[in-house]
Amino acid sequence: MKPLRIGNFSGFYGDRSAALREMLTGGEVDVLTGDYLAELTMLILARDRLKDPSAGYARTFPRQLEDCLGLARERGVRIVTNAGGLDPAGLAGEIRRLADRLGIPVRVAHVEGDDLTAAHPGTLAAHAYLGGFGITECLRAGADVVVTGRVTDAALVTGPAAAHFGWRPDDHDALAGAVVAGHVLECGTQATGGNYAFFTEGDVRRPGFPLAEIHADGSSVITKHPGTGGFVDVGTVTAQLLYETGGARYAGPDVTARLDTVRLGPEGPDRVRIEGVRGEAPPPTLKVGLNRLGGFRNEVVFVLTGLGIEAKAALVREQLADALAKSPPREVRWELVRTDRADADTEETASALLRLVVRDPDQRVVGRALSGAAVELALASYPGFHVLAPPGKGAPYGVFEEVYVPYVGAAHVAVLHDGRRIPVPPPQETRPLAAVPDPPLPEPLPPGPTRRAPLGLVVGARSGDKGGNANVGVWARSEDAWRWLAHTLTADAFRRLIPESRDLPVTRHLLPNLRAVNFVVEGILGAGVAAQARFDPQAKALGEWLRSRHLDIPEALL
């Protein structure tokens, strides 16, 4: 049976607007998927909806579609997207009106049932992560465009694949293969050289978007359209496989994919085969993402230039102590960032940054009283006083958490293009999640001379966020480097290299087939990206920081 070619044209809300046309015109493709949703996006859409009840979906998608709907129809390409956000029915209606205005006959369906906000008082948005079989029902009934709300990112691929190949919910291995392919595609150009540790090995100025050739058994080949930028190799696919994952079991509402069974191999230029993926029944509960307001936040960044940086920072802290003591915020955080250099030849490189962040449930506590006290120092503090931006009145920040509910708690429904509503039943078979025992370690490298050098000279890394946790996937590019990595980069070694993690739970997962270790650091991101608990609130660069740390590396690997 001919493989199903599924491409991606969006990895986040704000991705390259021209990508939909590029994917439609760049080569052969059967289905195009657009992923617009993330934990932070759901909060943004929820806050937008407070101001405008019709603003619950990705407004950029209809603009993209206006330019490309006729082309997609002409080429027989189906489009599946979660751009529906909090209002998939509203977006589906807008697309129908757009199609009528353009005179293009298309069948538009949508999936609903993820919105559980009413069942979770106090939240701005509470949405279940649905699986792909609602999408499957829509496509089997002939839909040209399928709009969803909060489904798992991989569901955008498993849904079309199940519709095309006739997979049933108990086809766990095939579904797991599609989940892995979907996970590689979901972040767009991160699979084709974007945000890649070894980005200098190809031209990544404008990477092409990825596509997967999926086969009936769930195996796939990851590639991209001919002539597009970027590159696809085992490394770029490995990096994306490790992104925002944890242990060997990658759970979802359709299937639990065993990442420790994934086998990757090159299949020609810009082609990587994924095979061997095993699947298990999904867990017995459904993940629900909760977004709520956590309070109010304010920030002031003082610029300290030249000599006496530490003394200048101490003066500011002492001067603001009284203002902070009068009505103490629940959280006060000072951070001195030493970006300054001695004898610098520009003022900017002679300067350090002193950052003050405050949080409190009461906007007044972090508002004018604090900002006024900071501004009043302008002529009465350290020499060269200035700030990066005037402090404001305090802005609301969000908090994300996840809970788990029975499948019956979400009424998963496919709403077909003709208005029929098809309930999607929960899985008949489930399996509680359990940790996979660590596989045996490879043979260690024989003793030999070492050199102090950055870890990134021999390994790649990619990191990301899941709520308040971060993951850092680290992989080796040779068997000898893997043998050294598996024995050297333990959880304790990770804590030593990343001091922010020293007092936090750090779990290491071994994935020998990928020559990788994956670390999960619990709580390093506080209450999630919207709370902005650290300098890099989504842990996007945590892996690159790790690669920059020095340790004793065998000279044979350098």
Side-chain angles (χ1 to χ4, degrees), residues 10-15 17 34-64 81-94 110 112-130 147-151 153 287-299 329-331 357-368 371 389 391-403 464-468 525-534 536-538 540:
S10 176
F12 69 100
Y13 191 7
D15 210 345
S17 61
D35 183 4
Y36 290 76
L37 301 184
E39 293 166 2
L40 180 60
T41 313
M42 299 298 282
L43 177 65
I44 291 170
L45 292 175
R47 291 181 59 186
D48 288 347
R49 191 171 60 174
L50 288 177
K51 304 171 188 175
D52 178 359
S54 68
Y57 53 81
R59 293 291 187 179
T60 55
F61 176 65
R63 294 197 289 271
Q64 289 175 284
T81 178
N82 61 16
L86 311 187
D87 187 11
L91 178 55
E94 181 169 345
H110 73 275
E112 59 185 42
D114 60 300
D115 190 348
L116 305 184
T117 307
H120 293 84
T123 62
L124 285 178
H127 288 257
Y129 287 70
L130 301 179
V147 174
T148 78
R150 178 73 279 185
V151 296
D153 299 338
K287 176 180 171 181
V288 180
L290 307 181
N291 285 278
R292 57 182 173 82
L293 289 180
F296 295 86
R297 177 185 184 278
N298 208 347
E299 176 177 333
R330 176 175 292 179
E331 180 182 345
V357 177
V358 293
R359 291 185 177 84
D360 197 85
D362 187 343
Q363 187 175 20
R364 292 170 298 180
V365 172
V366 301
R368 293 298 182 190
S371 59
K393 61 181 181 180
Y397 69 89
V399 171
F400 175 87
E401 66 175 304
E402 58 188 56
V403 297
D465 64 315
K466 280 295 181 186
L525 304 179
V529 55
Q532 298 184 19
R534 66 188 297 272
D536 174 16
Q538 288 182 283
K540 295 288 190 181

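For this chain, numbers begin at 1 and follow the sequence in order.
Residues Gly289 and Phe400 come closest through the heavy atom pair CA-CE1, 3.6 Å. Residues Pro361 and Phe296 share a closest heavy-atom pair of O-CD1, 3.4 Å. Closest non-hydrogen pair, Asp362 versus Arg364, comes out as OD1-N, 2.9 Å. Of all heavy-atom pairs spanning Ala125 and Thr117, the tightest one is CA-OG1, 3.6 Å. Contact record, Gly398 with Leu43: CA-CD2, 3.5 Å, taken as the closest heavy-atom pair. Listed here is the closest heavy atom pair of His120 and Val288: CE1-CG1, 4.4 Å.
The side-chain contact (heavy atoms from CB on, under 4.5 Å) check on Asp153 picks up Asp35, Asn82, Arg150, Glu186, with sequence neighbours excluded. Every side-chain contact (heavy atoms from CB on, under 4.5 Å) that Glu331 has, sequence neighbours left out, goes to Arg359. For Arg59, the salt bridge (charged side-chain N to carboxylate O under 4.0 Å, His left out) criterion is met by Glu94, not counting sequence neighbours. For Asp536, the salt bridge (charged side-chain N to carboxylate O under 4.0 Å, His left out) partners two or more places apart in sequence, or in a different chain, are Arg534.
Between Asp114 and Val151 the shortest side-chain heavy-atom distance does not fall below 4.5 Å. Residues His127 and Leu86 have side chains in contact (heavy-atom distance under 4.5 Å, counting atoms from C-beta outward).
Listed by first and then second residue, the salt bridge (charged side-chain N to carboxylate O under 4.0 Å, His left out) pairs involving residues 116-127 amount to none (not counting sequence neighbours). Here side chain to side chain donor-acceptor pair (under 3.5 Å) pairs that include residues 40-50, with residues two or more places apart or in two chains, number zero.
Checked by atom type and distance alone, the side chain of Tyr57 never pairs as donor or acceptor with a backbone atom of Asp87 at under 3.5 Å. Here the side chain of Glu112 pairs no donor or acceptor atom with the backbone of Gly149 at under 3.5 angstrom. Looking at Gln538, its side chain never comes within 3.5 Å of a backbone N or O of Asp465 through a donor-acceptor pair.
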Take Val357 and Arg297, measure what side-chain contact (heavy atoms from CB on, under 4.5 Å) needs, and give me the verdict at the end.
CA-CA 7 Å; Val357 177; Arg297 177 185 184 278; 3.8 Å; yes

Trace of the side-chain contact (heavy atoms from CB on, under 4.5 Å) decision for Tyr36 with Thr60
CA-CA 10 Å; Tyr36 290 76; Thr60 55; 3.8 Å; yes

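Considering CG of Leu50 and CG of Leu45, their distance stands at 11.5 Å, rounded to 0.5 Å.
A salt bridge links Glu401 to Arg292: one of the charged nitrogens lies within less than 4.0 Å of a carboxylate oxygen.
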